[in-house]
2 protein chains.
Amino acid sequence: MTNAKRGRPVQYDREQALERASDLFWSAGFAATSLDDLSAATQMTRPSLAGAFGDKEALYIAALMRYRDASVDAMREILSGKRSLRTELAEVLDKATDVYMASADAARGCLLIGTASVEAVHRPAVRQVLQESLGAFNAVLEERIRNAIADGELDPEANAAGLASVTSAVMHSLAVRARAGEPRDALDKLSDVAVDLICRKRP
Amino acid sequence: MTNAKRGRPVQYDREQALERASDLFWSAGFAATSLDDLSAATQMTRPSLAGAFGDKEALYIAALMRYRDASVDAMREILSGKRSLRTELAEVLDKATDVYMASADAARGCLLIGTASVEAVHRPAVRQVLQESLGAFNAVLEERIRNAIADGELDPEANAAGLASVTSAVMHSLAVRARAGEPRDALDKLSDVAVDLICRKRP
DNA sequence: AGAATTATATGCGAATTCGTATAAATGTCG
DNA sequence: CGACATTTATACGAATTCGCATATAATTCT
């Protein structure tokens, strides 16, 4: 038996192509990004794109998932539990804001919140990825908060799920506000207040 | 001198046209809504649309502003100060969620957050409307919270601007999560926790 | 009544857009 | 070296999309 790859070998780098595609989707959104744009950015012809990823929606979803996986990993790393919850949460929000405002031009916010939200209504597959992704971020937060309760940094009766949900809400808002053009210090103020509120013990 | 309107009178109702246009933009977003769609929904021909509103972006912006003005008014009405801050904030979030999930089909969230965010990056005019709108909602919240501090419902040292910002964040998140397909009770839980957190007095 | 003014109706045209069909290229296996 | 498998290159076609150009309708002013 033989097991080597038959046929002409692929010339593109799948990961790199996804990254370039993400860049376009991230700033212009799904609907305003054409296959020609994607073809030019990835250096792949349209038939190659189709062969590698399927149609435009499939490529978009692959880009969303890659973004989410990397982002969830980065968040989990920060929330290692080595430092206080307060410190780690502040860093999560700070680093998220870095990403949301990273572009040299207008801030692009979060790929998922900023661009998948629009498509979610008419594209069930996108909606599902978005929902699952929001849930994934939230789960990481909730687990870390649960540990903080167990460690006594938060009150024993604190509501881990609820506090995680509020923390998620702040991230969603940072993403929206970044894309709306709000300045960095406005976003930082929100983060500061939120961390204070979330980490404050009961009266 | 004469001052009556010359020429053929307009047949369309500007307000109604804007409402119908908003409906399309709200569910499909700006980029995925064509002028033909808008023409069909408003019962106006494309030249009439152009004459009445300008190009597609101008029509979109008019729809955004109309939506914002109505929404800010509704919010201001609820935050009249006749009841406790806690009660009024809970109603704001509850009524907002009603709107975000009103559609018979997939939830559409907030027209501004759900659809203007994507366009904001490449369309400065949209970005400005979005930013101003977020600010307008926030200002109404902040004023009401300031009153609650003066009335003693909140601590005298409470940070009105900060608490308003967090309340805004929760609304942004409700809008995003609605569009992501999250169920009503998940949104309500977030609202409940947030109101508790925001209205809780210091330890 | 007729001229002037403004709105609506119809339709054209240039440009995009997306998927695929066909042909050429580049590798492996016998 | 030749048959086969798979990717890339080129190009086509059908459908949209948007703005405008031209023609028609409805109203007011003289």
Side-chain angles (χ1 to χ4, degrees), chain A residues 1-18 20-64 115 118-119 122-126, chain B residues 1-18 20-25 27-64 115 118-119 122-123 125-126:
Chain A
M1 67 162 288
T2 81
N3 228 358
K5 292 163 205 160
R6 300 284 294 259
R8 183 170 174 174
V10 298
Q11 292 185 328
Y12 57 85
D13 174 343
R14 190 187 166 91
E15 266 305 301
Q16 187 178 42
L18 271 182
R20 302 249 170 94
S22 295
D23 258 1
L24 295 192
F25 285 134
W26 201 345
S27 68
F30 172 81
T33 302
S34 73
L35 282 178
D36 281 333
D37 295 336
L38 293 163
S39 174
T42 58
Q43 310 262 45
M44 293 170 68
T45 62
R46 284 217 305 286
S48 286
L49 280 174
F53 301 104
D55 65 5
K56 194 179 145 187
E57 180 176 318
L59 169 56
Y60 179 58
I61 289 182
L64 292 180
T115 76
V118 220
E119 305 302 329
H122 283 308
R123 299 180 186 270
V126 173
Chain B
M1 68 164 290
T2 79
N3 229 358
K5 291 164 205 159
R6 301 283 295 260
R8 182 171 175 173
V10 299
Q11 292 185 326
Y12 58 83
D13 174 342
R14 191 186 166 90
E15 267 306 301
Q16 188 179 41
L18 271 182
R20 302 248 170 96
S22 295
D23 257 2
L24 295 192
F25 285 134
S27 67
F30 171 80
T33 302
S34 74
L35 281 178
D36 281 331
D37 295 337
L38 293 163
S39 174
T42 59
Q43 309 262 45
M44 293 169 68
T45 62
R46 284 214 307 284
S48 286
L49 280 174
F53 301 104
D55 65 5
K56 194 179 143 186
E57 179 175 319
L59 169 56
Y60 179 59
I61 288 181
L64 291 180
T115 77
V118 218
E119 307 301 329
H122 284 304
R123 297 180 187 273
V126 173

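Order of the sequence lines sets the chain letters (A, B, ...), proteins ahead of strands, with each chain counted from 1.
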**Study point:** Closest listed nucleotide, where the reference is the side chain of R6(B) and the choices are dT8(D), dC18(D), dT28(D)
**Key:** dT28(D)
Point to revise | Residues L18(A), F53(A); criterion side chain to side chain contact (heavy atoms under 4.5 Å, CB included); working and verdict | key: CA-CA 9 Å; L18(A) 271 182; F53(A) 301 104; 3.8 Å; yes
Point to revise | Whole-Å distance separating the CG atom of D36(B) from the P atom of dA9(C) | key: 15 Å
Review point. Using a heavy-atom distance cut-off of less than 4.0 Å, which residues of residues 53-60 of chain A contact DNA chain C?
Key: D55(A), K56(A)
Practice item. Report the distance from atom CD of Q43(A) to atom C1' of dA9(D), rounded to the nearest whole Å. Key: 14 Å
Point to revise | Atom-to-atom span, CE of M44(A) to C1' of dT7(D) - whole angstrom | key: 10 Å
**Study point:** Earlier contact from the 5' end, DNA chain D, for A32(B) and R8(B)
**Key:** A32(B)
N/O-N/O pairs, protein side and nucleotides 13-15 of chain C side, under 3.5 Å:
none

Revision key, fill the gap. Checking dT8(C), dT10(C), dT10(D) against the side chain of P47(B) (C-beta onward), the nearest is dT10(C)
Exercise for review: Quickly work out the L49(A) CG to dT17(C) C1' distance and round it to whole Å.
Suggested key: 14 Å
Practice item. Have a look at P9(A) and say if it touches a base, only the backbone sugar-phosphate, or nothing, with a 4.0 Å heavy-atom cut-off. Key: sugar-phosphate
Study note, to complete from the structure: Against the side chain of T45(A), the closest entry in dT6(C), dA9(C), dA9(D) is dA9(D)
Check your understanding: CG of L38(B) versus P of dT16(D): gap in Å, rounded?
Key -> 16 Å
Check your understanding: Under 4.0 Å between a side-chain N or O of S34(B) and OP1 or OP2 of dT17(D)?
Key -> yes
Check your understanding: Does the side chain of S48(B) get closer than 4.0 angstrom to OP1 or OP2 of dA7(C) through an N or O atom?
Key -> no
Check your understanding: Once you round it to whole Å, what is the distance between P of dT17(D) and CG of D37(B)?
Key -> 6 Å
Study note, to complete from the structure: In this structure, CG of D36(A) is separated from CG of L49(A) (nearest 0.5 Å) by 10.0 Å
Point to revise | Q11(A) CD - dA24(C) P separation (whole Å) | key: 18 Å
